[in-house]
Engineer: 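Here it is, the structure, as structure tokens.
Scope of the values below: all heavy atoms of this structure, side chains included, with no hydrogens, waters or symmetry mates. For this chain, numbers begin at 1 and follow the sequence in order. Indexing begins at 1, ligand by ligand and atom by atom, following the structure's order.
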Amino acid sequence: MTRVLKFGGSSVATGELLKRVAALAREALPHAPLVVLSATGKTTDALLAAARAAERGDAVGARELALGIRARHAALARELFGDDVPAELALALDGELSALEKRLDGVAMLGELSARSRDAIASTGELLSTRLFAALVAREELAGEWFDVRRVLRTDASFGSAEPNEARIRELCAAELAPRVRPGRVVVTQGFVGATEHGVTTTLGRGGSDWSAALLGAALDADEVQIWTDVEGVYTADPRIVPEARPIPELSFAEAAELAAFGAKVLHPATIQPATLRRIPVTVRHTAKPGGRFTTIRAEAASGRPLAALASRSPVTLLTVTSTRMLDQAGFLARLFAVFGRFGASIDLVATAEVSVSLTIEADAPLVELCAELEPFARIDVVPDRAIVAVVGERLKRTRGSAARVLAAAGDCHVELISMGASEINLSLVVAREDEHALVRRLHALLESARA
Ligand code: ASP
Ligand code: MG
């Protein structure tokens with residue numbers, strides 16, 4: 001039995017925070033903690049910026065960014081250990097940073113950055129943060145070790161967004177990692193980073209550490225995967241729009257997925273799916289308020305309310321495609337959607353009528369090109385600056401009158417498209433962007449009212 005504790009970049013940005021993380025690892029000792037860390041603060045951004053500078057041939061700029069990363073980690077080490085930085089840590093950090101500098105020089109010299117080199121560079125952040133933390137764990141006299149996740153996190157060679165091989169990860173974890181995670185020890189490893197079958201470093205894509213935590217938790221049959229961040233879980237609505245929004249105690253995986261798709265930013269559910277598929281609960285917790293509220297996401301457990309939470313996203317563009325030829329032409333929609341597919345424009349919501357189809361696309365979709373393709377067989381009306389407001393709840397569809405209450409609560413916010421039913425648990429409304437916040441607040445009041 002093991003418990004995975006994943007900490008994001010904002011949770012390991014300062015020495016103070018790293019000490020908190022160590023305290024949390026100490027509390028988790030009876031559960032055989034596996035600590036998965038992101039890079040500290042904005043280190044990954046800086047690494048990628050350095051890679052881009054080097055690619056432009058700006059060796060000096062790249063060096064400066066690398067020096068900044070070196071300085072930040074040296075300062076963190078001093079904050080944690082004062083003048084007594086463990087020699088082994090200094091050596092390990094310097095090893096990673098020297099390798100980084102050599103890679104950047106190489107890229108700058110060739111003026112060429114392959115996806116493979118970019119991953120080698122980007123992975124440095126997690127290697128550094130875990131070295132620091134493992135040294136802190138040792139200083140606090142906790143038993144444990146630094147573990148190179150590349151020994152187990154097998155991926156394909158799609159650098160930059162590598163695809164994990166879950167079967168291989170499970171085998172490798174059973175052989176290499178399971179014997180190391182035991183009650184009374186803290187094993188420290190990297191999020192985001194993986195390796196191909198030949199041991200070449202890969203990354204899972206930006207924000208990939210949550211995915212790493214879920215993959216490792218699933219492979220080890222963990223009792224819980226904890227995602228520690230800077231909020232107390234998944235909120236009923238964006239607290240910047242609704243100040244009285246609160247963390248939701250329990251969410252189903254499907255609810256969390258809908259919320260993320262429509263703008264909730266806490267976590268991307270696809271990344272926790274490996275854990276929920278194995279019925280491992282995933283909790284989202286606040287590193288600075290460990291005793292506070294949190295959200296538990298389970299495969300099925302529902303929020304228990306018809307309206308669990310709201311999410312909204314803007315700007316989006318509303319397109320209405322009208323064609324009399326649509327009338328009795330089989331395959332019209334297929335032809336229409338193929339055009340969007342060709343331009344990589346993903347469609348979020350769709351509503352069809354006899355001779356027209358309305359749909360929403362990202363505001364930055366290639367509109368001019370899309371219209372040029374579509375105009376020969378249809379009339380296109382484009383309405384920019386819209387917002388999608390999504391109401392999510394497992395019991396939404398089974399609760400009589402919930403749609404009516406949602407629409408009534410919308411009041412005089414002019415609703416331009418309604419979509420319900422694709423997933424039984426999501427009712428989405430498209431409104432003008434000026435109405436987005438008002439609508440979210442009204443729907444939140446409905447969500448909080450006992451009758452909702
Ligand atoms: N450090 C990586 C990033 O910033 C991965 C993560 O934080 O999840 O994208
Ligand atoms: Mg992150």
Engineer: Go through ligand 1 atom by atom and flag the ones less than 4.0 Å from a non-hydrogen atom of T44.
Structural biologist: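 Answer, ordered by atom number: 1 (N), 2 (C), 3 (C), 4 (O).
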Engineer: Is there side-chain contact between L370 and I361, with heavy atoms separated by less than 4.5 Å?
Structural biologist: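 Yes - at least one pair of side-chain heavy atoms lies under 4.5 Å apart.
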Engineer: For G207, counting its heavy atoms only, list the atoms of ligand 1 lying under 4.0 Å from any of them.
Structural biologist: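 Close to G207: 3 (C), 5 (C), 6 (C), 8 (O), 9 (O).
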Engineer: For E436 and S312, which I'm curious about, is there any donor-acceptor pair between the side chains at under 3.5 Å?
Structural biologist: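 Result is yes, a qualifying pair exists.
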Engineer: If we only consider heavy atoms of G191, is any one of them less than 4.0 Å away from an atom in ligand 1?
Structural biologist: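 For ligand 1, residue contact (heavy atoms, under 4.0 Å) with G191 is absent.
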Engineer: Under a heavy-atom criterion of less than 4.0 Å, does G9 contact ligand 1?
Structural biologist: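 G9: no contact with ligand 1 (<4.0 Å).
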Engineer: Pairing donors with acceptors under 3.5 angstrom, does anything connect the side chains of E224 and T283?
Structural biologist: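 The criterion, which ignores hydrogens and geometry beyond distance, is satisfied for T283 and E224.
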Engineer: Counting from 1, what ligand 1 atoms have a heavy atom of E126 closer than 4.0 Å?
Structural biologist: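 What qualifies from ligand 1 is 1 (N), 2 (C), 5 (C).
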Engineer: Does K6 reach ligand 1 with a nitrogen or oxygen that is under 3.5 Å from one of the ligand's nitrogen or oxygen atoms?
Structural biologist: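 So ligand 1 has no N or O lying under 3.5 Å from an N or O of K6.
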Engineer: Does ligand 1 have a heavy atom under 4.0 Å from the side chain of S209, from its backbone, from both, or from neither?
Structural biologist: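 Both backbone and side chain.
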Engineer: Nearest non-hydrogen atom to atom 7 (O) of ligand 1 belongs to which of S38, S129, S10?
Structural biologist: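 Among S38, S129, S10, the closest heavy atom to atom 7 (O) of ligand 1 belongs to S38.
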Engineer: State whether a side-chain donor-acceptor pair under 3.5 Å links T44 with R206.
Structural biologist: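 Not at all, the side chains of T44 and R206 share no donor-acceptor pair under 3.5 Å.
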Engineer: Would you say ligand 1 has an N or O under 3.5 Å from any N or O of F192?
Structural biologist: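 N/O-N/O distance below 3.5 Å does not exist for this pair.
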Engineer: Heavy-atom contacts with R206 under 4.0 Å: which atoms of ligand 1 show up? List them by number with element.
Structural biologist: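 Taking each heavy atom of R206 in turn, ligand 1 has 3 (C), 4 (O), 9 (O) under 4.0 Å.
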Engineer: Output the distance between atom NZ (K289) and atom CZ (F294), rounded to the nearest 0.5 Å.
Structural biologist: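 One gets 14.5 Å once the value is rounded to the nearest 0.5 Å.
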Engineer: Does a side-chain heavy-atom distance below 4.5 Å link L128 with T40?
Structural biologist: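 They are not in contact (no side-chain heavy atoms under 4.5 Å apart), so the answer is no.
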Engineer: Given 3.5 Å as the limit, does a donor-acceptor pair link the side chain of R285 with the main chain of P290, or not?
Structural biologist: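 Here the side-chain-to-backbone pair does not exist.
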